[in-house]
Novice: 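Let me give you the structure first, and then I'll get to my questions.
Naming convention: chains lettered A, B, ... in sequence-line order (proteins, then strands); numbering from 1 in each chain.
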2 protein chains.
Amino acid sequence: MSAATIKDVAREAKVSVASVSRALNGGRGVTAETSQRIREAALRLRYVPHAAARMLITRRTNTVGALLPDLYGEFFSELIRGIDLAARARGLHLLVSSSHDDAAAAAVALRAMQGRVDGLLLMSPHADADFLRQNLPQDLPTVLMNTRLAGTDYCALSVDNDGGARLMVEHLLSLGHQRIAFIQGPSGNRDASEREFGYREALASHAPGNPVTTLGGDFSEESGYRAGQQVLAMRPRPDAVFAANDMMAIGCMAALREAGICVPEEIAVCGFDDVPMARYVTPPLTTIQVHIAELGEQAMELLGKQIDNPGSVATGTRRRVRAELVVRASSGAPIA
Amino acid sequence: MSAATIKDVAREAKVSVASVSRALNGGRGVTAETSQRIREAALRLRYVPHAAARMLITRRTNTVGALLPDLYGEFFSELIRGIDLAARARGLHLLVSSSHDDAAAAAVALRAMQGRVDGLLLMSPHADADFLRQNLPQDLPTVLMNTRLAGTDYCALSVDNDGGARLMVEHLLSLGHQRIAFIQGPSGNRDASEREFGYREALASHAPGNPVTTLGGDFSEESGYRAGQQVLAMRPRPDAVFAANDMMAIGCMAALREAGICVPEEIAVCGFDDVPMARYVTPPLTTIQVHIAELGEQAMELLGKQIDNPGSVATGTRRRVRAELVVRASSGAPIA
DNA sequence: CTGAAAGCGCTTACAG
DNA sequence: CTGAAAGCGCTTACAG
């Protein structure tokens with residue numbers, strides 16, 4: 001015996017399918033008595049409305065799609081949890097898709113979601129204005145997360161990378177550090193370039209005379225290690241290193257330690273992200289914490305609004321998720 | 001203008017909708033020429049078949065559901081990535097649902113997936129035979145992951161916890177450690193109890209005379225710290241501590257360090273999981289690595305088989321994902 | 001090879 | 001309040 005349909009319930013309750021539908025969806029236009037009888041019949045038959053049939057007729061899937069570059073790692077883990085929680089709270093299902101190596105794969109994934117979702121949460125390094133125009137259905141509510149958005153009017157959420165970087169530079173300056181070097185992230189990476197921008201800007205406005213020094217990196221621990229070796233060779237040597245992410249900061253500290261340099265006594269080192277490991281390295285890492293889960297939650301909230309009430313969210317709405325300074329031993333600050 | 005339907009394509013290509021359907025689904029029973037014309041029309045109209053309509057008629061959603069206790073953290077992050085990759089490879093969409101605080105919430109989530117998925121990947125601490133009988137549709141292909149399965153014949157994947165724990169105990173014994181204490185995980189947790197079982201079994205078979213000592217814990221770093229303090233107070237003191245997970249091992253090491261005890265010279269400490277942090281603590285942690293992504297991949301594979309070919313997977317099929325010893329400094333082994 | 005028609009399970013005007 | 005009927009967009013026997 002297959003799953004019960006609305007017809008079975010109608011027969012069992014001796015009413016028409018129309019009444020069953022009405023009773024089970026809010027109950028307007030049905031006597032309390034009939035409604036009760038219908039509900040009992042549905043329960044007895046373990047009736048669950050067929051999702052596809054309902055989608056077809058209501059044009060609503062009650063599902064949102066999340067297209068992410070990856071699912072792995074601290075960042076995505078927290079992001080997807082924030083999204084999931086917010087979706088759940090709104091009674092929405094979550095369809096995920098990730099790991100698109102190139103723009104073509106991302107486009108395919110995007111297309112495949114068509115008709116399966118009421119809205120889209122999109123984070124993709126491949127997405128630019130052109131890509132979006134090509135691959136996003138016109139009328140599908142969409143919120144971009146940490147994605148290039150020059151030339152688009154989609155709603156967008158992003159991490160306040162420059163603000164965070166500025167906080168860090170101000171912190172280092174306040175401790176008396178003068179020669180602050182910056183380890184860059186991968187070129188073309190938006191987070192990385194915004195962090196660098198914040199670094200430059202903070203130096204320019206607070207300490208215009210101080211040297212601006214950037215070292216190549218790609219977010220990997222190894223690249224941080226190599227940057228650390230470069231720091232060792234510089235004359236005059238920087239008295240602080242600000243890495244565009246924590247893993248590079250950790251790699252950098254390893255290089256300094258191997259050379260017998262004490263952190264933070266001889267050189268301060270700090271990062272960005274506040275990965276869990278940051279607390280556990282020696283010395284614990286001063287870094288910038290970003291509320292990633294909030295990024296997911298807020299994006300979902302914005303998307304939910306658009307879905308429920310198209311037009312309720314102004315075109316091109318932008319929001320930033322705040323970044324906070326987390327002071328630990330590696331920057332040489334007196335710890336309370 | 002809304003999305004094009006099959007009718008629009010039929011009109012554009014001057015054929016019936018039946019031909020469009022045939023041409024676009026494999027093309028059997030259509031001349032190459034007609035098929036070509038139809039494809040061009042579809043492309044021109046940017047036609048994408050309406051997913052819901054197709055689901056309704058084919059009874060296939062091309063979607064699998066993953067019901068997980070959480071999405072956050074190393075373990076789930078890796079698990080879901082393994083699942084996602086395997087699902088992608090089979091052209092299946094992935095619907096996720098998580099964070100069910102109790103059995104009732106899990107049941108609701110399970111029901112909500114009905115009709116939306118062709119199969120289910122299920123990991124739930126709330127799921128026992130009774131729960132499954134109550135809440136799983138009879139004929140829905142399902143694979144259980146790391147879930148209690150006494151009394152069920154669902155297919156199931158699980159981590160080889162006892163095997164891993166046995167490896168660790170054998171490793172410690174081979175290094176000459178005699179009094180090996182074990183820090184337990186939360187009571188009722190399947191992974192935790194299997195690891196403890198492996199610990200006891202390995203001691204019983206390889207070193208029946210050695211003391212069996214268990215200390216309470218709940219997988220949190222704090223509980224490991226407290227267990228570490230208990231270890232310090234014991235006489236005779238254990239010469240090795242095996243924690244049921246890495247975070248407790250890390251907490252334990254912190255307690256020992258504060259008391260001025262050297263790891264591994266005075267006491268060896270090791271964990272289970274190989275979280276990324278394990279490499280970075282001082283000293284680096286000897287632990288058991290589990291190929292979590294494999295768990296997800298294999299589960300997906302088993303599920304895919306069941307979906308494609310019901311009956312092709314023997315009822316009650318069980319598989320275990322292997323666990324490997326990762327030797328680092330904390331166990332006092334000579335590192336190559 | 002091609003098309004007209006039935007039907008998947010539901011919701012929603014439209015009558016009564 | 002209640003029911004008969006149309007229709008959402010698709011696929012698939014069934015004829016031709």
Novice: Going through the checks in order, is the salt bridge (charged side-chain N to carboxylate O under 4.0 Å, His left out) test met by B:Asp84 and B:Arg81?
Specialist: CA-CA 5 Å; B:Asp84 177 62; B:Arg81 184 206 228 177; over 6 Å; no

Novice: Searching all strands shown, indicate the nucleotide that pairs with C:dA13 (Watson-Crick or G-U wobble; both distances under 3.5 Å).
Specialist: none

Novice: Could you tell me if B:Ser98 and B:Asp70 have a donor-acceptor pair between their side chains, going purely by distance under 3.5 Å?
Specialist: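 Note: B:Asp70 and B:Ser98 side chains miss the donor-acceptor criterion.
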
Novice: So what's C:dA4 paired with, Watson-Crick or G-U wobble, going by both distances under 3.5 Å?
Specialist: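 C:dA4 is paired with nothing.
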
Novice: Side chains of A:Asn62 and B:Arg116 only: does a donor on one sit below 3.5 Å from an acceptor on the other?
Specialist: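 No, no side-chain donor-acceptor contact under 3.5 Å.
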
Novice: If every non-hydrogen atom of B:Val159 is compared with every non-hydrogen atom of B:Arg320, which pair is closest and at what distance?
Specialist: O-NH2, 3.4 Å

Novice: So how far is it from B:Gln298 CD to B:Arg319 CZ, rounded to the nearest 0.5 Å?
Specialist: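 Taking CD in B:Gln298 and CZ in B:Arg319, the distance rounds to 5.0 Å.
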
Novice: Identify, between A:Thr34 and A:Val17, the residue whose nearest nucleotide on DNA chain D lies closer to the 5' end.
Specialist: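 Upstream on the strand: A:Thr34.
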
Novice: Just the endpoints, please: which first and last nucleotides of DNA chain C, 5' to 3', lie under 4.0 Å from a heavy atom of chain A?
Specialist: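 Contact boundaries, 5' end first: C:dG9 to C:dA13.
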
Novice: When rounded to the nearest 0.5 angstrom, what distance separates CD in B:Glu294 from CG in B:Leu79?
Specialist: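 Output value for this atom pair is 12.0 Å.
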
Novice: Taking the nucleotide of DNA chain C with the closest heavy atom to each, which residue, B:Ser19 or A:Ala52, is nearer the 5' end?
Specialist: B:Ser19

Novice: Quick check on DNA chain D: between A:Lys14 and B:Ala18, whose nearest nucleotide comes earlier from the 5' end?
Specialist: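 Final value for this comparison: A:Lys14.
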
